[in-house]
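What you see below is based on every heavy atom in this structure, not just the backbone, and it leaves out hydrogens, waters and symmetry mates. Chain naming here is simple, since letters A, B, ... match the order of the sequence lines and numbering starts at 1 in each.
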Amino acid sequence: MDKSQDSTFVKLIPFFEKFGILLLILIMVTVLHILQPDVFLSWRNITNVFKQVSWQSMLALGVFMVIVTAGIDLSVGSIIMLSLMGLAIASKAGMPWYVVMLVAPAVGFLCGLFNGLGITLLKMPHPFIMTLGTLYIFRGVGNLISGGVPITGFADEIRVIGNGKIKLDAILGEGTREYIPTSLILMIVIFFIFWVFLNHTRIGKWIYAIGGNPGAARAAGINVNRILIIVYTLCGFLAGIGGLILAGRTNSAYPNAGLQSELDAIAAVIIGGASFFGGRGTVLGVFAGVMIMGILRNGLNLMNVSVFWQQVLIGSIIIIAVYIDVLRRDFSTRK
Amino acid sequence: MSEEIVLEAKSISKFFGTITALNDVNLKITKGEVLGVVGDNGAGKSTLMKVLSGLYKQSEGSLFFSGKKVNLNSPRDSQNLGLEMVYQDLALAGNLPIGDNIFLGREPVKKVGPFNFLDHKKRKQLTEEHLAKLKINVKSADQKVEELSGGQRQAVAIARATAFNAKIVIMDEPTAALAVKEVGKVLDLILNLKNLGVSVIVISHRMDDIFSVCDRVMALFQGTNFAESLLKDTSRDEVIGWIMGKKD
């Protein structure tokens, strides 16, 4: 009888592995709703959370893919700043809005490509070193081209990605104030595309294989360097999209844009259950990790908790999340 | 056993800078034959196998697949000719399921518009069929490789090597890391392959392995052909002597 109980428990493990993190979000939402019944679940506040996480989620998604290959990208915070500056300069130069909008992802793409080529061609002992270097380089270049001062004021067309609103008049009646942020739709679409990419294409499978055992991937005839270049380039590209979103949200390109956001991205990925040693993690987990960080910050702000306590809490959650994972692994390997 | 030669290496030499790893080495194997390759560490076994599989390019000499001279530039080339290698460190990705490992790099795909998507259903079906053909028992094709025992992993590595109608399989120390009771299963698997007409080159230090599955054994010593014999015409002591560079 003990045994049958045990086996139902064991059967539940994969379920928790997949959806446990969503359960955590549900608990956080419930608790915050009880603590702040009028505000937290209001349309305005929820859309606000999504608008805040939208640009961060782009960084997290890119860094996630890199971490799956057992790598790291420390430069995404600087890439977002450089792509934002590129966009701002193109805008100031009077280029048409559709060109200006392409500049941010294009700059991000090139930065990522630079990282990927550096890591593979220069045979850096670890991506940490290459991307630590480019963390300084990209932000330095961003300040060089902008003169180190903010550039403010973009056309409405450019801002639509980060600041656009999809009105719900047709559904909720004329004159309603509720809307869906464009950035939320973009985030969902991009996460879906990358979920398909990682789970249903050969390159996606190879990214996981490289994280599991690069030697095995090489022996299987996979061009590991080529895949790594693709991964770092996509990571930079996503940071560039993040820059485009941020341009819309803040209407400004400023020297400190995205400062330390690479650490938030890594934190979200780790909280979302990806292994730092590569090969493990899901797109859904990244989404959940980003949401947990976003909801936590939002909830603590609503409760007027000091930003210093927020830092302490987020740090603690990273450690606890990983410790739970350690416990789970211990449990599932004990046979 | 037919006398059809599936692979022949003639006068292979391999230099790394001033070091001579292989010097004028010959090897041939016929269809359905199990050839044991023995030799001390540094005798050149691994280098020779890497040349055969296209991982290294020989400095001198030629390779013939089914009588045709070939030029190998990568393991892909030798794979296309039907030669597969089972590596000592297994070369499996533990985080991926059995089926994913077997088809890694050669995943079945289906076309949707201009895109190729993984065909998960077909991969699962092919995996189950192939495991059944080789009489490999696992709980499920979706089991992750890191959850398997050493012997099961070796079986998956061999299944991976033979999933695409391989004609020749090279195994580097296939039983080295295994528990005693699992060794027999892997040796059975080698005999299974032989019965399916696959030629197998086994590199091993274990005389038990050599003498239970091989038809012929050849010894390398300091990068050269040292001795060779049909298994029935030699003895364990003699082969051990060859490894140490002693001949009567």
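Annotation: A/Phe194, atom CZ; neighbour count of heavy atoms from other residues, nucleotides and ligands within 6.0 Å is above 12. For A/Phe277, the CZ atom sits in a loose shell: 12 or fewer heavy atoms of surrounding residues, nucleotides or ligands are nearer than 6.0 Å. The neighbour count for B/Lys167 NZ, taken as heavy atoms of other residues, nucleotides or ligands under 6.0 Å away, does not exceed 12. Shown here is B/Phe15, whose CZ atom has more than 12 heavy atoms of other residues, nucleotides or ligands within 6.0 Å. Surrounding NZ of B/Lys135 are at most 12 heavy atoms belonging to other residues, nucleotides or ligands under 6.0 Å away. Atom CG of B/Asn73 sits in a crowded spot, with more than 12 heavy atoms from other residues, nucleotides or ligands closer than 6.0 Å. Within a 6.0 Å sphere centred on CZ of A/Phe192, other residues, nucleotides and ligands contribute 12 heavy atoms or fewer. For CZ of B/Phe65, the number of neighbouring non-hydrogen atoms (other residues, nucleotides, ligands) closer than 6.0 Å is greater than 12.
In this structure, CG on B/Leu104 lies 9.0 Å from NZ on A/Lys205, to the nearest 0.5 angstrom. To the nearest 0.5 Å, atom CZ of residue A/Arg280 and atom NZ of residue B/Lys144 are 5.5 Å apart. Residue A/Ile203 holds its CD1 atom at 10.5 Å from CD of B/Glu107, rounded to the nearest 0.5 Å. Here the straight-line distance linking atom CZ of B/Arg76 with atom CD1 of A/Ile222 works out to 8.0 Å at 0.5 Å rounding.
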Under the criterion side-chain contact (heavy atoms from CB on, under 4.5 Å), I'd like the reasoning laid out for A/Val196 against B/Phe117: C-alpha separation, chi angles, the key distance, then a yes or no. CA-CA 9 Å; A/Val196 171; B/Phe117 291 108; 3.4 Å; yes
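A/Asn213 contributes no side-chain N or O that, together with a main-chain N or O of B/Ala91, makes up a donor-acceptor pair within less than 3.5 Å.
The residue among A/Ala220, A/Gly211, A/Gly212 with the most heavy atom pairs within less than 4.5 Å of chain B is A/Ala220. If you tally non-hydrogen atom pairs under 4.5 Å between each of B/Val145, B/Asn101, B/Leu96 and chain A, the highest count goes to B/Leu96. Chain A forms the most heavy-atom pairs under 4.5 Å with one residue out of B/Asp100, B/Leu55, B/Val109, and that residue is B/Asp100.
The two residues B/Ala93 and A/Ala216 make their nearest non-hydrogen contact at N-CB, 3.9 Å. When all heavy atoms of A/Asn199 and B/Leu118 are compared, the pair lying nearest together is O-CD1, 3.7 Å. Contact detail for B/Asn95 and A/Tyr208: the closest heavy-atom pair is ND2-O, 3.0 Å.
Residues satisfying the side-chain contact (heavy atoms from CB on, under 4.5 Å) criterion with B/Lys111, sequence neighbours excluded, are B/Asn116.
Proximity to chain A (any heavy atom under 4.5 Å) is restricted, for B/Gln79, to the side chain, taken from C-beta onward.
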